[in-house]
Novice: 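Here it is: the structure, laid out below.
Per chain, numbering begins at 1; letters A, B, ... match sequence-line order. Because the structure is predicted, anything quoted here is derived from the model rather than measured. These values consider heavy atoms only, across backbone and side chains, with no hydrogens, waters or symmetry-generated copies.
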Amino acid sequence: MKRYDLIVVGAGPAGLSAAVEAAKYGLKVVVFDENANPGGQLFKQVHKFFGSKEHKAKIRGFRIGSQLLEEANNLGVEVVLNATVAGLFQDKEITVRIKDSIQHYKGDAILVATGAAENMVPFKGWTLPGVIGAGAAQTMMNLHGVVPGQKILMLGSGNVGLVVSYQLLQAGCEVVALVDAAPKIGGYGVHAAKLARTGVPFYLSHTIIKAEGTDCVTGVTIAEVDKTWKTIPGTAKSLAVDTICLAVGLSPMAQLLKMAGCIMEDNPKKGGQVPVCNAYGETSLRGVFVAGDVSGVEEASSAMIEGRIAGIAAAEYLGYIDKAVLTEVAEALESALSSLRQGMFAVENRGKNIEKTDEGYVVSQHLLKKGYFQDAEVEKYPGVTRQPGVHAVIECSQNIPCNPCQDACPRHCIKIGDKITSLPVVDETANCSGCGMCVAACSGQAIFLVNEGYEAGYASITIPYEFLPLPGEGDRGWALDRGGSKVCAAEVVKVQTAPVFDHTSLLTIKVPVAMAMKARFFKEDNCHA
Amino acid sequence: MHKCTEVIIIGGGIIGAATAYYLALQGIKVVVLEKSDNIGDGGSSRNGGGVRQSGRDPRELPLAMYGVQNIWPTLSDELGMDVEYVKEGNLRLGKTEQHLNILRNLTKRCVDLGLDVRMIEAQEAREICPYLSDEVIGASWCPTDGHANPLLATLAFYRKARALGTEFITGENVLEIKKIKGRARQVITANGIYEGETIILAAGYDSRKILGTVGLDVPMTKISLEVLVTEAQPKMFGQMLGTAMADFYGHQSKHGSFVFGGSSGFEDTNKNNGTPITASITAPCICRGIMKYFPLLKDVKIVRTWAGWADISADKIPVISPVEEVPGLIVACGFTGHGFGIAPTVGLLVAQLASGVKPVLDLAEFRYDRFKAKI
Amino acid sequence: MHNVNNRSRDIGEFVPAEDDELLICRCEEITKGEIRRAIHDGMFTLTEIRRYLRTGMGLCQGQTCGKLVKEIAARELGLVLSELGNASSRVPMRPIEMKVFGNEKEPGENA
Amino acid sequence: MNSRIKEHPILGKIEKGRRVTFSHDGNIIEGFEGEPISAALKAAGVMVHRHTQKYGAPRGIFCAIGRCTDCVMVVDGKPNIRTCITPLAEGMIVETQYGVSAKSTNKAEGMA
């Protein structure tokens, strides 16, 4: 039977990272994936990733996919696509459906990196066409170039719900409402803020009562819920939508491992049923490893590091490297992994009500409830300063693992320090050149350049802009505040695009100076508005 | 924990559940102990669902015929849920003259015992089931055979017995039967001791180990059998199907999916890793077998496969027997892969044995001590 | 697991609920009420519910409803999710046509 | 309503290759070769892919990645084809599925 040192199931971030790492140590590796394209969910991710710059932060997901694939190809990893692994059998044998046949393979080691599946939530009418998973929305618009609908309700305020909502806006859809039964936003505040400033309304403590329509969704009824998740009478509200997107979490897709007889555990912190495994991702079956969401749902950045650790562990298991090498390399990766797992969104903090940052700053309840800060709150954060000339205003208020802004600034105006989850601090003594590198580098689109001395009575604000059509210099329109309301007339005075910004354009608008700390988005004034 | 009752049944499969039901009907207090977390997790839920008389060993045939005549037709009504019993006959197919000879022999044995079964030509077979391939040259045909849903039949007996007051305990691994003052009396599990006036052992292959604790043995082995299930299809045919060579067997379920069992030839030597996981080569082999007989099914998708252990007795028929040397013990095991169709009959008979009623059928052929050396 | 073991354990009467008509298993069109009733009929494990009602036995093999059924069962039985175990997973992971499943080829052989 | 994205702020112009035609319940519609059948249907405004067996309820795209099987249709006479992962080809005959067959066919014809 055809045998490989390592068979990887799943060509997503974890699987490809593992394959790359194992191949570096000389293992003969094959990767099977059921999809026509490799990269798992990466190729659907058009946003810039969080994390540390050493681990691919500020790079857009689909580019990370291409990079990993190129590395794998260069190292001689065989990546077989349209190859559905049908089963994992005794003696580390797998069967794979390739075209119109079933083929048998054996691996001296096997790594299962099958990722996660979307959770779903039932409500009246949830089987109607037009109710879809958030992943489906991403697949349709970002892979197939077709929008799932025109007017969309997103259920779920975790990072997936927030990110996909933003992607829907980018694809030209209207996000009519972002709804979550929880009383506060589950995902990163910066993701929420970039939606809120475009005018997407947040309905926290709300639930879907029913999807309306006979043949497909024509509307939705939502209502407010109390602390026990019961709907509050009299709060029902109808919204005209043609699509309801569900983003209510992910569950590890561990069926192959269960089938093979791995010892499994139910672990709500990992998103459901996962194989029991050691620090290197080895399951209860010797030589069968796991990495990525299948062993516990996390961000793609963690999945890539887990994949690398498992790849190295497989190399050690098969005698390609000594235990000492494994220990050393894995230690460095584990420390990177543990730094990603810190901060207020760390697994152990799930469900906790965190009121202050590590530094002692109060977390904005308005941000958690509405998606944006109240004006008065902003200035207390260390990234927000008032300075005479042009300077960065970083509206980043939560301890999330992300630090590209620190290195983006050539003048070292921005400091995060060694702890990747620390809030960025703007150094008032450093001298901002207004280059905008930080604005484009921030995956959360939370950095703005503000110049209150732009010209007499006017301030300039440079905002990250990722929509089409791109306004031109001299265009006039409205400045929107953090909540998406029009606050004043604005004029575009500069539009910068550059390869280094990677499709984040920098739009500089001119507003009355009083609006310098209010205006955060621009809306073109077309005659139909 | 120490618990007393009238009857303890070891094994919560269809035999155990059916026996419990017939005992409960008489108001007898029963406790059923099942090792698995699920009711009916062994052969009861892992079989092709045949309710078949044809092809049976003559010793077993009366049990099958009794069930078809007296129990199966009204079972759904009796148990209050649809067990999907369908009585549209059994076709056993042959593709070669050698196959037909096998079928003729099987048929003759059953005809001699009064069963309506006969050999038919290919054309008649195709009139009964129009989807057969041209390779089929003949078949045996038993119009009163049929099939039912083993999952539902097992759970239906369980559900009704439970509603009538039978206690079912799952996850209860029986370690030992213990004689007290000369009678089988105690059943010892990892969690405690159960006491009963009568102990019925219906634990599939595991019965052998438990029998050993009272100094008995039934010569049997176990083999892993596999079945595949397809996506639902429009209704095509209602017959139970088999072949002379046992390439495959099965039927189309009420739901529309086809349920087909078969073999790779390695059933008795498959490695046992503790979980009944399927072997990588079996389902493909079953698929090839099916397509030879039903080329039309080639585009139908397989949605799952499963494996199960069958307890195979040395002479291929079960042990259904009181054990005089261990008074109070009744054994029902060794069903050899064809226990489902006769399970209701067996449940009735074992319940009769346990309650001291003369069984409606003679059980002499099924004695536990029938196994003798060949010379 | 001991909590689900005694099948005569009192889990209370079946009380109809407002959302009993909610479809849970999309493939086999099984409602929440049917699942809750099955539990009161003695189907205390996910495997038994599955065999009794066909939840998770459709084309998607329970990938959509698995978690939902488990949550309903846990609530009805008064258990936490981890006490309930899981239904099994089966080969093949995705539906495969019989002609493909039966067509075993050596790797590299032109498929 | 046009569901196709012409130009995307991040992904740029969407290039989809050769245009092909196929039939949906007898109507000829256009799509791009190799894209999922479901994408072409979506672009043409088709929401209902099938009606269920038990309740006859309409279903459409749900997961879009071949897992949930809600989007299955009768394609070239074969039922239960996952349109979200089946590439579109010139001249395909795509039909709404009722239960496990196209309405116009009876019994096992759908499989032949």
Novice: With only heavy atoms counted, which part of B:Ser280 is less than 4.5 Å from chain C, the side chain, the backbone, both or neither?
Specialist: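 Just its backbone gets close to chain C.
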Novice: Rounded to the nearest 0.5 Å, how far does CG of B:Asp37 lie from CG of C:Leu84?
Specialist: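 Output value for this atom pair is 10.0 Å.
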Novice: Spell out, as yes or no, whether a donor-acceptor pair under 3.5 Å connects the side chain of C:Asn5 to the backbone of B:Thr170.
Specialist: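 Yes, C:Asn5 side chain to B:Thr170 backbone: donor-acceptor pair under 3.5 Å.
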Novice: Relative to chain C, which of B:Arg288, B:Arg162, B:Met291, B:Glu34 shows the most heavy atom pairs under 4.5 Å?
Specialist: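 Among the listed options, the one with the most contacts to chain C is B:Arg162.
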Novice: Can you sort out the partners of C:Phe101 under ring-ring contact (aromatic ring centres under 6.0 Å, His included), two or more places apart, ordered by chain and number?
Specialist: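 None.
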Novice: For B:Ser45, does its backbone N or O pair with a side-chain atom of C:Arg51 as donor and acceptor, under 3.5 Å?
Specialist: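 Here the side-chain-to-backbone pair does not exist.
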Novice: If I take atom CZ from residue B:Arg304 and atom CE from residue C:Met93, how far apart are they, to the nearest 0.5 angstrom?
Specialist: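 Rounded to the nearest 0.5 Å, the CZ-CE separation comes to 13.0 Å.
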Novice: If you measure from CG on B:Leu297 to NZ on C:Lys99, what distance do you get to the nearest 0.5 Å?
Specialist: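 Answer for the CG-NZ pair, B:Leu297 versus C:Lys99, is 12.5 Å.
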Novice: Could you tell me the separation between the CZ atom of C:Arg9 and the CD atom of B:Glu167, rounded to the nearest 0.5 Å?
Specialist: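 Rounded to the nearest 0.5 Å, the CZ-CD separation comes to 13.5 Å.
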Novice: What pairs with B:Phe260 under ring-ring contact (aromatic ring centres under 6.0 Å, His included), at least two apart in sequence or on another chain?
Specialist: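 Here the qualifying residues are B:Phe248, B:Phe258.
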Novice: Indicate yes or no: at least one non-hydrogen side-chain atom of C:Arg7 is less than 4.5 angstrom from one of B:Tyr158.
Specialist: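 Yes, close enough: below the 4.5 Å cut-off.
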Novice: Please set out all donor-acceptor pairs under 3.5 angstrom arising from side-chain atoms of residues 8-23 of chain B, sequence neighbours excluded.
Specialist:
unit_1	atom_1	unit_2	atom_2	d
B:Thr19	OG1	B:Ile15	O	2.7
B:Tyr21	OH	B:Glu78	OE2	2.6

Novice: For B:Lys35, does the NZ atom sit with more than 12 other heavy atoms under 6.0 Å from it, leaving out its own atoms?
Specialist: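 At most 12 heavy atoms, drawn from other residues, nucleotides or ligands, come within 6.0 Å of this atom.
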Novice: Based on non-hydrogen pairs under 4.5 Å, which of B:Leu151, B:Asn38, B:Val229 is most in contact with chain C?
Specialist: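 The option with the most such pairs is B:Asn38.
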Novice: Sort B:Asp41 into side chain, backbone, both or neither according to what part of it lies under 4.5 angstrom from a heavy atom of chain C.
Specialist: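 Both backbone and side chain of B:Asp41 come within 4.5 Å of chain C.
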Novice: What I'd like to find out is whether the side chain of C:Glu104 reaches to under 4.5 Å of the side chain of B:Ile281, using heavy atoms alone.
Specialist: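 Heavy-atom side-chain distance check passes, below 4.5 Å.
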Novice: Count the heavy atoms of every other residue, nucleotide or ligand shown that sit under 6.0 Å from CD of C:Glu21, and state whether that count exceeds 12.
Specialist: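 Count not over threshold, so no.
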Novice: Would you say the side-chain atoms of C:Glu48 pair up with the backbone N or O of B:Ile39, donor to acceptor, closer than 3.5 Å?
Specialist: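 Here the side-chain-to-backbone pair exists.
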Novice: What heavy-atom pair brings C:Met43 and B:Leu155 nearest, and what distance separates the two atoms?
Specialist: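 Looking at all heavy atoms of both residues, the closest pair is SD-CD2, 3.8 Å.
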Novice: Indicate the atoms forming the closest heavy-atom contact of C:Met98 with B:Ile290, along with that distance.
Specialist: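 The answer is SD-CG2, 3.7 Å.
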Novice: What residues of residues 57-73 of chain C sit under 4.5 Å from chain B when only non-hydrogen atoms are counted?
Specialist: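 Result: C:Met57, C:Leu59, C:Gln61.
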